[in-house]
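Nothing here was measured: the structure is a model prediction, and the numbers come from that model. Chain naming here is simple, since letters A, B, ... match the order of the sequence lines and numbering starts at 1 in each.
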Amino acid sequence: MTASSSYTSVMARRADIMRKALGLEYESFVRSEVAFDYEGMMRDAGYTLDKVREIQRQTGVGNTPLLELKNITQLVRRTSKKGYGAKLCVKDESCNPSGSFKDRRASVSVYHAQKLGYPGVLAATSGNYGAAVASQAAMRNLKCIIVQEVFDSRRVGQPEIVEKTRKCEAFGAEVVQLTVGPELFYVALLLLEETNFFNASLYSPFGISGVETLGYELVEQVRERYGKDPAYVVVTHAGGGNVTGTARGALKAGARNSVIIGASVDLSGLHMASDHDFNRKSFTTGHTGFGVPFATWPDRTDVPRNAARPLRYLDRYVTVTQGDVFYVTEVLAQLEGLERGPAGNTSLAAAIALARELPEDEIVVVQETEYTGAGKHPQAQLDFARRNGVEVRTGDPAENVPGKVIVIPEAFSQLRVTEVDLDRMRRSYLRNAVRRTGVQQVTPEDIEFLSEDVKATPEFVVNGLGELGVNVVGQEL
Amino acid sequence: MTVANRADETAKRCKEGDFVEIHYIVLPAGERSPDVPDDTKKVPLECWVRGWALFDGQEGSDMEVETPAGRRVRGTLSAAEVGFYHTFGPAVPELAGAGKELREALAEAPGGGKQRDCQ
């Protein structure tokens, strides 16, 4: 290996590689070490809702059905106090061409790449987004490379990710399969340098604007059918793009009172870059291993300023257990005739518990479904878990221990959510902001940016920074 | 499944133009990202890529492929025949009863759970 392809030297030139591969200048939006003009960036570098709709129409994306889960709603009401148990609906995003809402993001990214004249697109992702990019690239006659983390050092592949490899190859993409590690990004950088392909990043403004149609559609659909806005919109949260795009779309539809609730599978205790832990989890996305770090420091990705900023939009954040999601997957199939994958069922598991909080005439929307099949299915995942030393049994879901025990509920009433303290996450974000930028003083403009970015009052931000020894200069608040 | 790192007489062969898989080490142990935990530090970052063989070969020997994206990549031939074998797996007894039990519960619910279209 030459010196210039070493890990350190490639990472040192990442800003240049990214600039060429995204065709987007971020400097004009930057205001300080801390603040940047987020709305300006989304407006100037994103696409309008109408334009996104048009782009998505071109490749068969969006306008997915909103399905009412009548039997599950009945069960929720049976396990709620009298008069309670909101109506549960689900937005069937599996109807998109490659089987998930990620097509909404990919459609705009790949359109953008074609418009700018790139010969191909690249995405570093082990999830549905890879298949979505490959599918869109196939439609728009662009070459495609997907880089994935698939194996541990024994060359054992996570079955769900192996299925993603298959799907990307089915669409004619090249797939680069790696063993576990954060160097996924480094490999993507090397490939971008070599090929001059477009980086179809998950975190670009145009990618996030692709998700806004989802939020907008679901609000319109609920209004049309029920004459009111959804009380809760439950969104599976990992990298933050799902929450951000959906909330922005719902706000554009005027649903100012709809509560946005992020839901993740609790995988606390497992290290995402560990060779040992990699195959001891049964979920490859929609979990706290991404959900917490990406909320508390969004600017950790392959773009200088992340367009996915979940703390800006989350009203609540809850977790469910691995066992809950497997149980709910079975319930959805057997009671509603819908065989769907884990990402959407994470939110469904949370929504079932959350719907109990509300009166019967309110609506709770589960914001996505995804396709399922070999490798993704509970049978595949639970068999895999057992082969990797994880115990699987029934019991109280509170006994789930990520990496060691999966406990499947014995009764519908056991489905619960664990509330995550968002104020604690906001303070964690502030701590990261101070540590990463090294600032010792901030301006009122920085305070304004930070309070929007964490959805808190300026007082909360000022106090939080004060505890970190950072004070405000410029004027009194 | 282990990757053969030396060709031998029994190793499978491929012909030019076959869709095959190659393997190579991206970063040896010791040259990885400083952010990786200790267990990952000890192992190399490995890579597998599939494409059309540019010449006849044998598992364990050098091979160059052209990938679906048109790149030419060199490595060790790791699979002369590729495929996907991930599947569903055995029935899960812990999940098996859920549907039946809930159906019974639904039948007892007010509204009976029988007529969907009466809501």
Side-chain angles (χ1 to χ4, degrees), chain A residues 1 6-7 11 68 70-71 74-75 77-78 120 143-145 150-151 153 155 157 159 162-163 165-166 169 172-183 186-187 194-195 197 271 273-276 326-327 330-331 333-335 374-375 377-380 382-384 392-394 408 411-412, chain B residues 1-3 19 21 23 25-28 31-51 67-71 73 78 82 84-103 105-106 108-113 116-117 119:
Chain A
M1 174 189 339
S6 76
Y7 183 79
M11 293 302 276
E68 189 175 314
K70 291 195 168 79
N71 285 335
Q74 277 301 308
L75 287 171
R77 286 172 183 167
R78 271 181 60 86
K143 300 196 181 108
C144 181
I145 299 175
V150 188
F151 300 107
S153 60
R155 214 209 159 166
V162 172
E163 162 55 19
T165 302
R166 184 205 66 76
E169 269 190 12
E174 171 188 332
V175 181
V176 175
Q177 294 180 310
L178 301 172
T179 49
V180 49
E183 299 100 334
Y186 151 82
V187 173
E194 180 191 326
T195 59
F197 281 11
H271 195 303
S274 157
D275 185 51
H276 172 271
F326 289 122
Y327 179 81
E330 185 74 7
V331 171
Q334 295 233 8
L335 265 58
H377 196 272
Q379 276 172 251
L382 290 171
D383 183 45
F384 185 72
V392 178
R393 58 178 171 80
T394 53
I408 290 168
F412 196 80
Chain B
M1 197 203 308
T2 53
V3 173
F19 195 68
E21 178 189 84
H23 166 267
I25 308 274
V26 182
L27 291 171
E31 288 176 40
R32 302 198 55 167
S33 158
D35 295 333
V36 300
D38 290 339
D39 59 343
T40 313
K41 252 197 224 342
K42 297 192 184 105
V43 294
L45 180 71
E46 299 180 71
C47 180
W48 290 266
V49 171
R50 299 170 195 223
T67 72
R71 291 196 311 134
V73 188
S78 49
V82 301
F84 289 99
Y85 305 99
H86 59 289
T87 183
F88 289 87
V92 181
E94 294 78 4
L95 283 176
K100 179 167 178 287
E101 184 201 325
L102 293 177
R103 276 270 166 231
L106 261 185
E108 294 163 28
R116 275 182 87 87
D117 46 23
Q119 296 300 323

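Both the backbone and the side chain of Glu163(A) come within contact range of chain B, judged by heavy atoms closer than 4.5 Å. Only the side chain of His271(A) comes within less than 4.5 Å of a heavy atom in chain B; its backbone stays farther off. Contacts of Leu178(A) with chain B are made by both backbone and side-chain atoms, with heavy-atom separations under 4.5 Å. Proximity to chain A (any heavy atom under 4.5 Å) is restricted, for Val43(B), to the side chain, taken from C-beta onward. Contacts of Thr165(A) with chain B are made by both backbone and side-chain atoms, with heavy-atom separations under 4.5 Å. Contact annotation for Lys100(B): only backbone heavy atoms (N, CA, C, O) come within less than 4.5 Å of a heavy atom of chain A. Neither the backbone nor the side chain of Val150(A) comes within contact range of chain B; no heavy atom of the residue lies under 4.5 Å from a heavy atom of that chain.
Across every non-hydrogen atom of Thr179(A) and Pro44(B), the tightest pair is OG1-O, 3.6 Å. Between Ser274(A) and Thr40(B), the shortest heavy-atom distance links the atoms CA-OG1, 3.4 Å. Nearest heavy-atom pair across Val92(B) and Pro378(A) is CG2-O, 4.4 Å. Between Leu102(B) and Tyr327(A), the shortest heavy-atom distance links the atoms CD1-OH, 3.7 Å. The nearest pair of heavy atoms linking Val392(A) to Glu94(B) is O-OE2, 3.5 Å.
The candidate from His377(A), Arg166(A), Lys143(A) with the greatest count of non-hydrogen atom pairs under 4.5 Å with chain B is Arg166(A). Contact count versus chain A (heavy atoms, under 4.5 Å) is highest, among Pro93(B), Ala69(B), Gly99(B), Ala98(B), for Ala69(B). Residue with the most contacts toward chain A among Cys47(B), Gly97(B), Ala96(B): Cys47(B) (heavy-atom pairs, distance under 4.5 Å). Chosen from Ile408(A), Val162(A), Thr394(A), the residue pairing most often with chain B at heavy-atom distances under 4.5 Å is Val162(A).
Between the side chain of Asp383(A) and the main chain of Gly89(B), no donor-acceptor pair closer than 3.5 Å is present. Under a 3.5 Å cut-off, the side chain of Ser33(B) and the backbone N or O of Glu183(A) do not form any donor-acceptor pair. Under a 3.5 Å cut-off, the side chain of Arg103(B) and the backbone N or O of Gln334(A) do form a donor-acceptor pair.
The line from CG of Leu106(B) to CG of Leu75(A) is 4.5 Å long, rounded to the nearest 0.5 Å. Atom CZ in Phe384(A) sits 12.5 Å away from atom NE2 in His86(B) (nearest 0.5 Å). To the nearest 0.5 angstrom, Asp38(B) atom CG is 12.0 Å from Asp275(A) atom CG. Atom CD of Glu169(A) is separated from atom CZ of Phe84(B) by 4.0 Å, given to the nearest 0.5 angstrom. The line from CG of Leu27(B) to OH of Tyr7(A) is 8.5 Å long, rounded to the nearest 0.5 Å.
Judged as a salt bridge (Lys or Arg N to Asp or Glu O under 4.0 Å), and not counting sequence neighbours, Glu101(B) has no contacts.
The shortest distance between side-chain heavy atoms of Arg71(B) and Val176(A) falls below 4.5 Å. At a threshold of 4.5 Å between non-hydrogen side-chain atoms, the residues Arg78(A) and Glu108(B) count as touching. By the 4.5 Å heavy-atom criterion applied to side chains, Ile145(A) and Thr67(B) are not counted as neighbours.
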